[in-house]
Q: 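Dropping the structure in here first, questions after.
Only heavy atoms go into these numbers, but all of them, side chains included; no hydrogens, no water, no symmetry mates.
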Amino acid sequence: MFGNKEQKLEKMVAKKNATGIIKLVNDKDASIALKAVESLGKVPGDDSYNTLITLLRAPKADVRAAAVTALATLGDPKAKAHIDHLMATEKDAVVVAAMKKAVSKLHSKE
């Protein structure tokens, strides 16, 4: 089953199917959920962007870090303001490091 969902995610990325990927963001298998968050960074569009912005406030630090990284991959400079705003209150060191890296990457795209 695990491999099956991973294969589906790869196909959805290839087809730029953000809606299908978003359905897997809350999968009960944490590794599939994280892979879905990562995958959104490869599918440009408002659905991907808006979902990733929402995930910046996810309860789990690994999800927040994955969302930040995916936003940097997506490359929309508007995400920089959201990340900057949340960086001041983020307590997880891994997430803060991901935020700094993402802001730097997004800054270079402005």
Side-chain angles (χ1 to χ4, degrees):
M1 185 100 151
F2 174 75
N4 199 9
K5 285 185 181 178
E6 267 194 7
Q7 290 169 344
K8 283 183 181 177
L9 271 170
E10 289 173 16
K11 288 178 183 173
M12 286 186 258
V13 169
K15 293 180 180 179
K16 306 285 188 217
N17 179 3
T19 305
I21 297 169
I22 291 167
K23 290 178 183 174
L24 292 174
V25 164
N26 294 313
D27 196 86
K28 63 184 179 222
D29 182 335
S31 64
I32 293 296
L34 283 175
K35 184 95 171 138
V37 173
E38 279 177 31
S39 297
L40 285 174
K42 300 172 188 168
V43 181
D46 288 344
D47 290 341
S48 295
Y49 176 82
N50 292 332
T51 300
L52 290 169
I53 292 297
T54 302
L55 290 172
L56 292 176
R57 290 183 169 83
K60 293 182 178 181
D62 57 347
V63 173
R64 292 192 306 274
V68 167
T69 303
L71 279 166
T73 302
L74 206 53
D76 189 328
K78 294 181 299 207
K80 185 177 172 290
H82 292 279
I83 296 168
D84 276 339
H85 177 74
L86 293 171
M87 199 178 326
T89 57
E90 179 58 55
K91 298 192 180 2
D92 188 277
V94 173
V95 179
V96 170
M99 287 176 155
K100 287 179 180 176
K101 188 174 180 182
V103 165
S104 174
K105 187 173 182 179
L106 291 168
H107 181 71
S108 68
K109 294 188 180 209
E110 287 183 313

Q: Can you list everything that forms a side-chain contact (heavy atoms from CB on, under 4.5 Å) with Ala81? Sequence neighbours excluded, please.
A: none
Q: Which salt bridge (Lys or Arg N to Asp or Glu O under 4.0 Å) pairs, counting each pair once, include a residue from residues 86-96, with sequence neighbours left out?
A: Arg64-Glu90
Q: Who passes salt bridge (charged side-chain N to carboxylate O under 4.0 Å, His left out) against Asp84, sequence neighbours left out?
A: Lys80
Q: Please find the pair of heavy atoms, one from Ala67 and one from Leu52, that lie closest to each other, and give the distance.
A: CB-O, 3.8 Å
Q: Just to verify, what does Lys23 make a side-chain contact (heavy atoms from CB on, under 4.5 Å) with, not counting sequence neighbours?
A: Thr19
Q: Out of curiosity, Ile32 CD1 to Ser39 OG, how far, rounded to the nearest 0.5 Å?
A: 9.0 Å
Q: Among residues at least two apart in sequence or on other chains, which ones pass side-chain contact (heavy atoms from CB on, under 4.5 Å) with Lys101?
A: none
Q: Enter the distance from His82:NE2 to Met87:CE here, rounded to the nearest 0.5 Å.
A: 13.5 Å
Q: Kindly determine whether Met12 and Leu24 satisfy side-chain contact (heavy atoms from CB on, under 4.5 Å), including the steps that lead there.
A: CA-CA 11 Å; Met12 286 186 258; Leu24 292 174; 3.6 Å; yes
Q: With sequence neighbours left out, what residues match Asp27 under side-chain hydrogen bond (donor to acceptor under 3.5 Å, both in side chains)?
A: Lys5
Q: Can you tell me how far the CD1 atom of Ile83 sits from the NZ atom of Lys100, to the nearest 0.5 Å?
A: 13.5 Å
Q: Taking all non-hydrogen atoms of both residues into account, name the closest pair between Val63 and Val37 and its distance.
A: O-CG1, 4.3 Å
Q: Should Lys60 and Asp62 count as an ion pair when the cut-off is N to O under 4.0 Å?
A: no
Q: Hey, could you give me the OG1/CG distance between Thr73 and Leu40, rounded to the nearest 0.5 Å?
A: 11.0 Å
Q: Hey, is NZ on Lys16 packed in by over 12 heavy atoms from elsewhere, all under 6.0 Å?
A: yes
Q: Among residues two or more places apart or on two chains, list those pairs meeting side-chain hydrogen bond (donor to acceptor under 3.5 Å, both in side chains) that have a residue in residues 45-57.
A: none
Q: According to side-chain contact (heavy atoms from CB on, under 4.5 Å), who are the partners of Ala98, at least two apart in sequence or on a separate chain?
A: Ala65, Val68, Thr69
Q: Mind checking what makes side-chain hydrogen bond (donor to acceptor under 3.5 Å, both in side chains) contact with Glu38, not counting sequence neighbours?
A: none
Q: With sequence neighbours excluded, tell me which residues meet salt bridge (charged side-chain N to carboxylate O under 4.0 Å, His left out) with Lys11.
A: none
Q: Begin with the C-alpha distance, continue with both residues' side-chain angles, and end with the deciding distance and a verdict on side-chain contact (heavy atoms from CB on, under 4.5 Å) for Ile21 and Val43.
A: CA-CA 9 Å; Ile21 297 169; Val43 181; 3.6 Å; yes
Q: For the CG atom of Asp29 and the CD atom of Glu6, what is their distance to the nearest 0.5 Å?
A: 8.5 Å
